[in-house]
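Below, chain A is the first sequence line, B the second, and so on; all start at residue 1. The model shown is predicted, which means the values in this text are computed figures rather than measured ones.
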Amino acid sequence: MVACRAIGILSRFSAFRILRSRGYICRNFTGSSALLTRTHINYGVKGDVAVVRINSPNSKVNTLSKELHSEFSEVMNEIWASDQIRSAVLISSKPGCFIAGADINMLAACKTLQEVTQLSQEAQRIVEKLEKSTKPIVAAINGSCLGGGLEVAISCQYRIATKDRKTVLGTPEVLLGALPGAGGTQRLPKMVGVPAALDMMLTGRSIRADRAKKMGLVDQLVEPLGPGLKPPEERTIEYLEEVAITFAKGLADKKISPKRDKGLVEKLTAYAMTIPFVRQQVYKKVEEKVRKQTKGLYPAPLKIIDVVKTGIEQGSDAGYLCESQKFGELVMTKESKALMGLYHGQVLCKKNKFGAPQKDVKHLAILGAGLMGAGIAQVSVDKGLKTILKDATLTALDRGQQQVFKGLNDKVKKKALTSFERDSIFSNLTGQLDYQGFEKADMVIEAVFEDLSLKHRVLKEVEAVIPDHCIFASNTSALPISEIAAVSKRPEKVIGMHYFSPVDKMQLLEIITTEKTSKDTSASAVAVGLKQGKVIIVVKEGVDPKKLDSLTTSFGFPVGAATLVDEVGVDVAKHVAEDLGKVFGERFGGGNPELLTQMVSKGFLGRKSGKGFYIYQEGVKRKDLNSDMDSILASLKLPPKSEVSSDEDIQFRLVTRFVNEAVMCLQEGILATPAEGDIGAVFGLGFPPCLGGPFRFVDLYGAQKIVDRLKKYEAAYGKQFTPCQLLADHANSPNKKFYQ
Amino acid sequence: MTILTYPFKNLPTASKWALRFSIRPLSCSSQLRAAPVFVFKLYLKAVQTKTKKTLAKPNIRNVVVVDGVRTPFLLSGTSYKDLMPHDLARAALTGLLHRTSVPKEVVDYIIFGTVIQEVKTSNVAREAALGAGFSDKTPAHTVTMACISANQAMTTGVGLIASGQCDVIVAGGVELMSDVPIRHSRKMRKLMLDLNKAKSMGQRLSLISKFRFNFLAPELPAVSEFSTSETMGHSADRLAAAFAVSRLEQDEYALRSHSLAKKAQDEGLLSDVVPFKVPGKDTVTKDNGIRPSSLEQMAKLKPAFIKPYGTVTAANSSFLTDGASAMLIMAEEKALAMGYKPKAYLRDFMYVSQDPKDQLLLGPTYATPKVLEKAGLTMNDIDAFEFHEAFSGQILANFKAMDSDWFAENYMGRKTKVGLPPLEKFNNWGGSLSLGHPFGATGCRLVMAAANRLRKEGGQYGLVAACAAGGQGHAMIVEAYPK
């Protein structure tokens with residue numbers, strides 16, 4: 001194999017010499033035998049500029065895999081060795097992706113810390129060679145340029161990016177519990193300054209091309225092109241390549257300087273960062289902030305700061321070494337494994353496993369213009385769905401429409417939309433009080449108050465006016481879909497679509513099917529959800545309506561139960577708690593419904609009434625405790641049980657009970673896969689992402705330990721803590737894992 | 001007379017004309033009657049070159065252009081810089097009166113196109129007409145449709161005549177880019193308006209206390225597309241890139257435009273230009289933007305919009321221009337009854353619109369096949385093409401789009417390409433790149449150029465086409481009036 005490759009290189013060299021006179025040679029043609037053809041990279045020479053095109057086979061994105069690495073170094077060595085080539089352009093042939101980052105599977109396959117560290121060091125060597133290249137290399141970026149992709153780009157001498165919405169640059173490694181392991185921690189601070197670099201690496205945020213230009217992350221922008229003699233995407237890439245070639249030539253001829261004029265602020269910041277005292281203060285501040293936000297749960301951010309610091313204070317050699325070691329350490333952490341698992345799950349939940357629906361949903365109608373209804377409307381209209389928002393009163397409708405407008409207008413303020421786009425998106429929305437136009441609706445989503453008789457009434461009203469193919473989806477968080485569907489003339493068209501509040505921020509959509517829901521109805525609901533940009537889990541509703549999402553009211557990790565109850569509305573919570581209590585009996589015991597009843601009677605309905613557990617004021621971000629709550633709380637105070645009430649125990653009481661419920665959902669077939677359960681728990685219910693979701697948590701923490709804890713709490717509190725059968729099975733056979 | 005009409009009767013396609021020809025000498029000027037033999041020869045020539053059908057439609061009145069004039073088009077900031085738009089428009093109107101000797105009272109209606117409106121004279125048609133001495137009983141209105149405003153003025157007139165509402169229309173357009181309305185900021189305007197309404201000193205003081213210095217930042221008239229916030233030059237550069245139009249091609253085309261314009265000017269072909277005595281300045285007699293240069297000179301210029309690697313430069317774009325045009329349009333029978341010899345018929349026209357972002361300037365590509373199909377003509381029938389040249393890159397991109405099957409199939413819903421206009425029939429007397437482009441006035445210039453070229457070169461059909469901001473476009477068939 002090695003020999004074949006060597007011969008391949010030789011044969012290509014000879015072919016190159018023969019064809020040189022033509023001025024343009026496509027390398028792909030010269031390596032005609034299958035063995036000789038590179039699969040990830042091909043390159044051609046235009047004049048004296050080598051154009052290196054990355055195009056990983058059978059994938060929508062280019063990832064830095066081992067094969068790509070080796071082909072890339074091979075190609076670059078040829079370029080450096082060739083006398084004819086004076087500069088190079090690095091570009092992707094895939095529309096919408098330059099390089100999306102390192103191959104996660106490659107990292108996941110590593111068994112030891114050393115292996116990972118070695119991968120990092122190899123990558124560091126390659127990009128170092130790029131940086132030291134005597135022949136200028138221009139990175140021509142169209143589409144996502146993330147993680148390792150960005151590290152490759154910033155080691156080139158020049159960067160040109162398309163000003164496309166899809167073109168984003170960033171270092172999202174931190175979101176996977178890792179750090180930029182190919183020199184990024186060392187180069188980025190030099191390129192954009194320490195504060196901006198830390199911000200990028202610690203938040204993992206994606207930076208759009210125009211912003212990247214301002215930061216100095218890219219040197220030139222290329223506007224995406226419209227239709228011409230070829231499809232726009234194709235021609236845009238071609239044009240980007242043409243522009244990049246002129247710059248590559250200019251750089252080789254020293255007509256263009258790769259150095260950038262820095263603004264005054266930038267110069268001042270750079271100067272300030274040369275003072276050791278200032279640097280120390282910056283590190284300290286950032287570290288403090290990170291500690292506060294991660295609460296020590298995520299190791300990656302602190303290590304990133306560490307590595308950056310090492311590079312600056314002890315020189316880049318120490319920096320690179322530290323980077324690769326810490327990279328290895330981080331990738332091997334449980335947190336990183338959990339986060340990478342979540343990433344995979346998320347990719348999985350962005351697919352429609354039911355296939356394409358028979359009829360595309362183009363006209364959507366939403367009943368109820370409350371927080372949820374309007375939120376669903378907002379994420380629909382901006383995807384081009386014609387949406388009717390219906391409510392019973394003009395006041396409620398006004399509020400809902402204003403919510404949609406505000407949501408869009410906030411995007412205008414952030415420059416994510418133009419005011420013109422906002423207006424044309426907003427015109428997709430029709431607010432009304434009657435059922436006019438419902439005869440054209442392909443799907444109706446109801447988001448009316450959680451009251452079964454009300455839901456029955458609207459279902460009957462709607463079914464009288466909608467066409468036969470129209471789907472009726474209920475955005476209920478507490479009522480069983482099958483009970484809602486009971487009064488339907490066509491239960492196969494009834495489905496649950498449970499959005500999470502606030503709809504425009506929460507990524508998750510939970511689709512609930514009943515025994516009678518048809519496959520096409522599910523396909524349609526998933527298609528709509530995907531269009532709305534949601535991560536989707538599909539759960540089955542059994543005969544005995546047990547629902548994963550109903551856990552929301554009991555466990556709201558990221559926002560805290562009190563805030564959550566305020567957000568959804570105390571009256572709603574009370575209603576839900578009562579319903580759940582009736583259905584689930586002991587399993588949902590524990591809380592005190594009296595508390596909610598008293599709050600409702602005092603008019604503390606949460607955010608919507610201005611008072612709940614907290615006090616809400618328009619324009620004020622800070623939340624103050626509602627002092628009137630003290631008397632209610634005092635009157636209901638239950639004596640704590642000291643043996644299971646340490647801080648750790650309180651946390652574990654929440655987590656283990658949650659995990660137990662989740663496993664039970666899988667056991668009873670409500671959940672189809674553990675991955676969906678994990679995604680649902682993390683994205684919808686705020687299960688800590690660092691634990692990866694309840695199933696991943698069981699795998700990483702150990703089923704036996706969880707069962708032990710549960711048994712301890714069962715003894716203290718009763719049946720709601722009894723471990724379920726599946727969990728017990730896992731505890732009994734340590735080899736059993738949810739993720740193999 | 002019987003001898004004259006006889007040969008025509010045997011030609012079925014020309015029979016209608018024959019009738020007209022036989023009538024006309026009776027009503028026409030004495031010159032024609034004085035030389036019957038010469039006239040006969042002319043008629044014979046006309047019949048030989050124009051065996052094609054005419055585009056007259058049954059039961060619809062024929063609309064003719066009696067004549068049209070324009071002020072010299074000047075680079076903005078030159079001799080017209082102290083004028084107001086209605087001054088320029090008035091100059092075009094008086095020029096038209098002088099050229100056609102039309103009695104002012106027969107004019108039923110006046111329509112002008114303009115783009116950047118002077119707020120004081122927002123209905124510039126009316127202000128100019130009053131000043132030019134038209135009857136104050138003749139109504140006037142102003143239309144706006146970006147670079148095809150004058151086209152809109154003309155076709156509005158065509159509609160009024162064809163529907164029998166009017167017989168005699170003056171259509172024109174004006175643009176004065178030397179002066180544009182620059183406004184106070186919205187915040188400042190709001191403050192000033194509120195101050196107006198304030199009743200007490202206390203209210204006034206509290207309003208004044210809200211004043212901030214940044215309120216004084218002025219607001220310039222938008223040079224960019226409202227919907228996309230992109231300037232037209234920027235869009236033109238992207239369009240040229242989308243169609244892979246090179247910088248050299250663009251410079252070559254611009255040079256052609258300037259050279260042809262220079263030639264036409266030197267040969268006195270630009271007969272629609274009327275001299276204009278500018279108050280306080282010398283009489284302006286000709287366009288001043290025609291400047292043939294060399295490709296080397298043009299290559300030195302830096303890109304004007306997409307810096308530093310774009311291809312659209314000052315040399316291959318149309319420049320900011322001051323100018324006005326006016327045209328006398330009549331129902332054919334009215335013109336003949338008044339003893340006029342019209343220059344051309346205004347035939348089928350078409351307005352199109354498409355994506356203002358990526359296809360902003362492709363109007364001609366979309367409008368051309370539609371108007372040809374409507375008129376039952378093909379590209380081969382057209383003897384004179386007059387396309388508005390906003391940018392070299394725009395014209396060449398349109399050419400490439402018209403020559404592309406792929407584009408026709410994927411974006412125009414056509415099975416085959418539109419086809420290329422032959423360059424030897426295209427903008428032979430220069431275009432907007434060289435003559436200038438006063439936004440509101442260009443449409444009439446295009447029609448007069450087509451009509452005059454048909455008369456001079458002996459063709460029957462002319463095709464006028466233009467693109468406009470907002471992603472709109474226009475095309476119209478101009479048919480030569482038989483000589």
Next on the checklist: Using side-chain heavy atoms (C-beta onward) and a distance below 4.5 Å, is B:Leu362 in contact with B:Asn398?
Outcome noted: yes

Next on the checklist: I'd like to know whether A:Gln532 forms a side chain to side chain donor-acceptor pair (under 3.5 Å) with A:Ser380, so could you lay out the CA-CA distance, the side-chain angles of the two residues, the decisive distance to 0.1 Å, and finally the verdict.
Outcome noted: CA-CA 6 Å; A:Gln532 290 166 334; A:Ser380 306; 2.8 Å; yes

Item to check | Residue among B:Asp358, B:Asn410, B:Asp403, B:Asp237 with most heavy-atom pairs under 4.5 Å to chain A | outcome: B:Asp358

Checklist outcome for this item: Cut-off 4.5 Å, heavy atoms of chain B, and the answer for A:Ile256 is neither

Checklist entry - Which one of B:Pro308, B:Gly310, B:Ala397 has the most heavy-atom pairs closer than 4.5 Å to chain A? => result B:Pro308

Item to check | A:Thr387-A:Asn428 side chain donor-acceptor pair, cut-off 3.5 Å | outcome: no

Checklist entry - Is any side-chain N of the basic residue among A:Asp210 and A:Lys214 closer than 4.0 Å to the acidic one's carboxylate O? => result no

Next on the checklist: For A:Pro224, which atoms come within 4.5 Å of any heavy atom of chain B: side chain, backbone, both, or neither?
Outcome noted: backbone

Next on the checklist: Given heavy-atom pairs under 4.5 angstrom as the criterion, report whether the side chain, backbone, both or neither of A:Gln220 touches chain B.
Outcome noted: side chain

Checklist entry - At a heavy-atom separation under 4.5 Å, does B:Tyr411 approach chain A through its side chain, its backbone, both, or neither? => result side chain

Checklist entry - Does A:Glu421 reach the side chain of A:Val412, with side-chain heavy atoms less than 4.5 Å apart? => result no

Checklist entry - Pick one: which of B:Arg189, B:Met188, B:His184, B:Lys190 meets side chain to side chain contact (heavy atoms under 4.5 Å, CB included) with B:Arg186? => result B:Arg189

Item to check | Which portion of B:Ala244 sits near chain A, non-hydrogen atoms under 4.5 angstrom | outcome: both

Checklist entry - Out of B:Ser404, B:Ala401, B:Ala241, which one racks up the most heavy-atom pairs below 4.5 Å with chain A? => result B:Ala241

